[in-house]
Undergrad: 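Attaching a single structure in structure tokens format; questions to follow.
Every number for a ligand or one of its atoms is a count from 1 in the order of the listing. These numbers come from the heavy atoms of this one structure, side chains and all, not from hydrogens, waters or symmetry mates.
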Amino acid sequence: MRARLVAGNWKMHGSLAANARLLDALKAGLEQAEGLGYAVCAPFPYLAQVSQALSGSRIAWGAQNVSEHDSGAYTGEVSGAMLKEFGCRFAIVGHSERRGLYGEGDSTVAAKFVAARRAGLMPILCIGETLEQRERGETENVVSRQLDAVLAAAEIAALADAVLAYEPVWAIGTGRNATPQQAQDVHAFIRARLGASDRALAANVTILYGGSVKPNNAPELFAMPDVDGGLIGGASLAAKDFIAICAAARR
Ligand code: PGA
């Protein structure tokens, strides 16, 4: 069975005190479930706190970004090796906020994907279309282009140690989630596209849905056959909501 995952993306939220409360509640509330993993992706300064709080727990952690470089004169950047030292398992790459607000193009995202793997991290590669692109009927072209950029920089086999996240930009932080069928259609398309190169890998790759996942819509979204869990923004900051979303991902 494919591995399922629910990962929280805290974005630029948190404080030492608030994180401590959230992490305590998650440790107490997230139950062991066959084939289901949990993770939180915290801001860089809190990774030491998160690693200390979650070591030995069933919850993994990761970063929200990683440099495409291994070291050097890159002021303000953080390398994969540094993240690894803090026990990160994951690094989100290509989140639409990085693409849209910080100008990360497909080739930068691909280089970050490769750098994360080089450091032994599992990239969570985000892909997804804007509302205008969806309305123009370009969803499949856009996710294909975003995937192809990564496949041009890494072998398809690299995706065996990665997680994909389909995040329609119009659903992120808007309260407007994709319908379960809209999510399923794109997830199935992504899997089929990978399957054209490597069937077994495509069948096993974890594809998360992200964009306004909440406790009330998670059960329907996660019931779709090609939706293997979620990347959760806003609702990952409230322990009760995140725990309920995780419970919806159990099989
Ligand atoms: P949201 O964010 O759940 O707040 O829509 C999802 C994401 O950006 O990963």
Side-chain angles (χ1 to χ4, degrees), residues 4-14 18-19 22 26 30 37-44 46 50 59-66 88-104 109 112-113 116 121-131 133-134 139 142-143 146-147 150 162-180 182-184 186-187 190 206-222 224 227-249:
R4 278 166 298 119
L5 174 69
V6 180
N9 172 11
W10 291 0
K11 308 196 180 184
M12 199 172 73
H13 295 288
N19 302 344
L22 177 56
L26 296 184
L30 289 177
Y38 310 117
V40 294
C41 295
F44 294 135
Y46 297 132
V50 169
I59 310 166
W61 59 95
Q64 300 167 16
N65 187 18
V66 60
C88 286
R89 185 181 307 162
F90 297 103
I92 297 174
V93 300
H95 190 280
S96 65
E97 287 153 16
R98 303 286 330 161
R99 292 179 191 261
L101 300 173
Y102 299 98
E104 290 187 11
V109 172
K112 290 183 173 209
F113 179 98
L121 298 163
M122 229 190 209
I124 300 178
L125 171 65
C126 300
I127 59 179
E129 81 288 1
T130 62
L131 186 58
Q133 289 166 333
R134 173 162 283 265
T139 300
V142 171
V143 298
Q146 292 171 331
L147 260 184
V150 170
V163 171
L164 292 175
Y166 169 58
E167 297 209 311
V169 179
W170 47 272
I172 295 177
T174 57
R176 175 180 170 190
N177 62 288
T179 65
Q182 283 174 322
Q184 168 59 27
V186 181
H187 283 228
I190 293 166
T206 298
I207 310 179
L208 309 181
Y209 168 77
S212 297
V213 179
K214 308 288 176 204
N216 64 346
N217 58 30
E220 285 182 291
L221 286 160
F222 296 168
M224 291 289 138
V227 177
D228 306 316
L231 183 57
I232 318 301
S236 72
L237 299 170
K240 199 163 146 270
D241 288 353
F242 190 67
I243 291 166
I245 290 168
C246 289

Undergrad: Say you draw a straight line from CG of L208 to CG of L164; how long is it, rounded to the nearest 0.5 Å?
TA: 8.0 Å

Undergrad: Which atoms of ligand 1 sit under 4.0 Å from any heavy atom of G211?
TA: 5 (O)

Undergrad: I'd like to know if A171 contacts ligand 1, where contact means a heavy-atom distance under 4.0 Å to any ligand atom.
TA: yes

Undergrad: Tell me the protein heavy atom at minimum distance from atom 9 (O) of ligand 1, and give that distance in Å.
TA: E167 OE2, 2.7 Å

Undergrad: Answer yes or no: is there a side-chain heavy-atom contact under 4.5 Å between H187 and V143?
TA: no

Undergrad: Side chain or backbone, does A235 bring an N or O within less than 3.5 Å of an N or O on ligand 1?
TA: no

Undergrad: Measuring only between side-chain heavy atoms, which start at C-beta, is N19 closer than 4.5 Å to W10?
TA: yes

Undergrad: Any non-hydrogen side-chain atom of Q64 less than 4.5 Å from a side-chain atom of R98?
TA: no

Undergrad: Backbone, side chain, both or neither: what part of I172 comes under 4.0 angstrom of ligand 1, heavy atoms only?
TA: both

Undergrad: Say whether S212, considering both its backbone and side-chain N or O atoms, lies within less than 3.5 Å of an N or O atom on ligand 1.
TA: yes

Undergrad: Closer than 3.5 angstrom, by distance alone: can the side chain of S212 be matched with the main-chain N or O of G175 as a donor-acceptor pair?
TA: yes

Undergrad: List every atom of ligand 1 that sits less than 4.0 Å from any heavy atom of G173, numbering the atoms from 1 in the order shown and giving each element.
TA: 1 (P), 4 (O), 5 (O)

Undergrad: For ligand 1, is G210 a contact, meaning one of its heavy atoms is under 4.0 Å away?
TA: no

Undergrad: Which of the atoms of ligand 1 are close to K11, meaning less than 4.0 Å from one of its heavy atoms?
TA: 2 (O), 7 (C), 8 (O)

Undergrad: Regarding ligand 1, does H95 bring an N or O atom to under 3.5 Å of one of the ligand's N or O atoms?
TA: yes

Undergrad: Donor-acceptor check, side chain of Y209 to backbone of A178, threshold 3.5 angstrom: yes or no?
TA: yes

Undergrad: Considering only the protein, which heavy-atom contact is closest to atom 4 (O) of ligand 1, and what is its distance?
TA: G234 N, 2.9 Å

Undergrad: Taking the side chain as everything from C-beta on, heavy atoms only, tell me whether L121 gets closer than 4.5 Å to F90.
TA: no

Undergrad: Who's the nearest protein heavy-atom neighbour of atom 6 (C) of ligand 1, and how far?
TA: G233 N, 3.5 Å

Undergrad: Start with the C-alpha gap between E129 and Y166, add the side-chain angles, then the distance that decides, and say whether side-chain hydrogen bond (donor to acceptor under 3.5 Å, both in side chains) holds.
TA: CA-CA 9 Å; E129 81 288 1; Y166 169 58; 2.8 Å; yes

